[in-house]
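To start, the structure itself, in structure tokens.
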Amino acid sequence: MPKILEPIVKPGEVTTPKDEAKRARAPGYLVICWNDPVNLMQYVTHVFQTVFGWNREKAVKHMMEVHELGKSVLTKESFEKAEFYVHQLQKYSLQATMEPEE
Amino acid sequence: MKLLSREPGKLVFRLSKRDHEALLTTLRLRPLFPRRPRSIASDADADQNLRAAQKDLDAALEQHRTEQVSAMETLMNDEARCAVQPGSGWRLILNDADAEMLLQALNEIRVGSWEKLGAPDFEAGQHLELDQENFLALWAFQLSEMFQGTLLAAMTGETEE
């Protein structure tokens with residue numbers, strides 16, 4: 001049976017510089033993780049990798065920010081997506097909050 | 001609790017009889033250490049959207065907690081995943097989802113027992129006097145940390161902290 005090739009660029013996935021600019025201007029919510037004296041550094045790194053799919057280097061960078069600066073802004077997302085990430089992080093008992101970007 | 005083998009999607013541990021009893025007891029202590037309410041916003045004057053989302057968060061975490069307690073009981077009673085090995089204790093086999101679930105459950109107990117102890121900052125050198133009141137919480141804190149450390153090291157392939 002002949003194989004049907006997937007288009008490299010699918011309909012609806014085309015992003016233009018105009019789209020990028022629009023996304024950058026869109027109001028977003030920041031997902032923040034706060035330091036606490038109980039969760040282990042190795043655990044926090046693992047949770048960041050699992051929840052966000054980050055590589056270890058990026059996860060460690062944010063974990064160290066939490067540890068040394070008291071908090072780290074993990075991502076900026078739409079309200080719904082930010083809420084989803086806060087839920088996921090809190091399922092792992094991390095202190096995560098969200099707030100509108102100013 | 002000792003890691004016997006590690007391959008993609010599958011961790012196999014050996015638990016002595018004592019390990020098995022301690023893990024089961026620790027997991028069943030969870031209702032004694034309810035977590036403090038968690039907030040979705042750091043600002044008390046959060047906007048209306050965030051206040052509504054707080055209710056969703058509370059409901060989602062409560063549901064997750066209930067499902068997790070039930071899933072942990074199922075896991076520990078499933079002979080395909082947790083079976084007695086004549087003469088050598090128990091064998092615990094975890095897929096990725098089971099390992100994440102057990103990790104979350106152990107950390108929930110660890111953080112809950114720590115809150116019960118008054119949220120001491122051990123890293124800052126805060127010392128805790130052992131007494132009859134806090135004995136169980138301290139025991140749960142240390143046992144959950146021990147199991148969590150072993151599990152996390154196996155999951156990440158790193159050595160324990």
### Query
Under 3.5 Å, side chain of B:Arg6 to main-chain N/O of B:Ala154, donor-acceptor pair present?
yes
### Task
Determine which residues belonging to residues 61-94 of chain B lie within contact range of chain A, meaning some heavy atom pair is under 4.5 Å apart, and list them by number or answer 'none'.
B:Leu61, B:His64
### Query
For the side-chain contact (heavy atoms from CB on, under 4.5 Å) test, which of A:Trp54, A:Tyr43, A:Tyr92 pairs with A:Phe48?
A:Trp54
### Message
Between A:Phe79 and chain B, with a heavy-atom cut-off of 4.5 Å, which part of the residue counts as in contact: side chain, backbone, both or neither?
### Response
side chain
### Query
Roughly how far apart are B:Gln148 CD and B:Leu143 CG, rounded to 0.5 Å?
12.5 Å
### Task
Grab the two heavy atoms, one from B:Pro34 and one from B:Pro31, that are nearest each other, plus how far apart they are.
CD-O, 3.7 Å
## Note on the structure
Applying salt bridge (Lys or Arg N to Asp or Glu O under 4.0 Å) to B:Arg38 and not counting sequence neighbours gives B:Glu108
### Message
For residues 114-140 of chain B, give me every residue with a non-hydrogen atom less than 4.5 Å from any non-hydrogen atom of chain A.
### Response
B:Trp114, B:Asp121, B:Glu123
### Message
Does any backbone or side-chain atom of A:Asn39 lie under 4.5 Å from a heavy atom of chain B? Answer side chain, backbone, both or neither.
### Response
both
### Message
Tell me which of these, A:Met98, A:Gln49, A:Gln95, has more heavy-atom pairs under 4.5 Å with chain B than the rest.
### Response
A:Met98
### Task
May I ask you to test the A:Val47-A:Ser93 pair for a side-chain heavy-atom distance under 4.5 Å?
no
### Proximity breakdown for B:Ala60 and chain A, heavy-atom pairs closer than 4.5 Å
side chain
### Task
Taking B:Asp56 for its side chain and B:Ala53 for its backbone only, find out whether a donor-acceptor pair lies under 3.5 Å.
no
### Message
Under 4.5 Å from any heavy atom of chain B, what part of A:His87 do you find: side chain, backbone, both or neither?
### Response
both
### Message
Are A:Leu89 and A:Trp34 connected into the same hydrophobic cluster when the rule is that any two of I, L, V, M, F, W, Y join if their side-chain heavy atoms are below 4.5 Å apart?
### Response
no
### Message
Donor-acceptor check, side chain of B:Glu145 to backbone of B:Arg110, threshold 3.5 angstrom: yes or no?
### Response
no
### Summary
Bottom line for A:Thr50: the part with an atom under 4.5 Å from chain B's heavy atoms is side chain
### Summary
Minimal heavy-atom distance between A:Pro100 and B:Leu50, with the atoms involved, is CD-CD1, 4.1 Å
### Check: A:Tyr85 ring centre within less than 6.0 Å of A:Phe52 ring centre
yes
### Query
Which residues from residues 59-66 of chain A are near chain B, with near meaning under 4.5 Å between non-hydrogen atoms?
none
### Short side-chain to backbone donor-acceptor contact, A:Glu101 and A:Leu30, under 3.5 Å
no
### Task
For the residue pair B:Asp58 and B:Ile40, establish whether any side-chain heavy-atom pair is separated by less than 4.5 Å.
no
### Query
Could you state the interatomic distance from CG (B:Leu11) to CE (B:Met155), rounded to the nearest 0.5 Å?
7.0 Å
### Task
Could you tell me whether a side-chain N or O of A:Gln90 sits under 3.5 Å from a main-chain N or O of B:Ser39, the two making a donor and an acceptor?
yes
### Message
If we define contacts as heavy-atom pairs under 4.5 Å, which of A:Arg56, A:Glu99, A:Lys91 has the most with chain B?
### Response
A:Lys91
### Message
Using the rule that Ile, Leu, Val, Met, Phe, Trp and Tyr join whenever any side-chain heavy atoms are under 4.5 Å apart, tell me whether A:Leu40 and B:Met101 fall into a single cluster.
### Response
yes
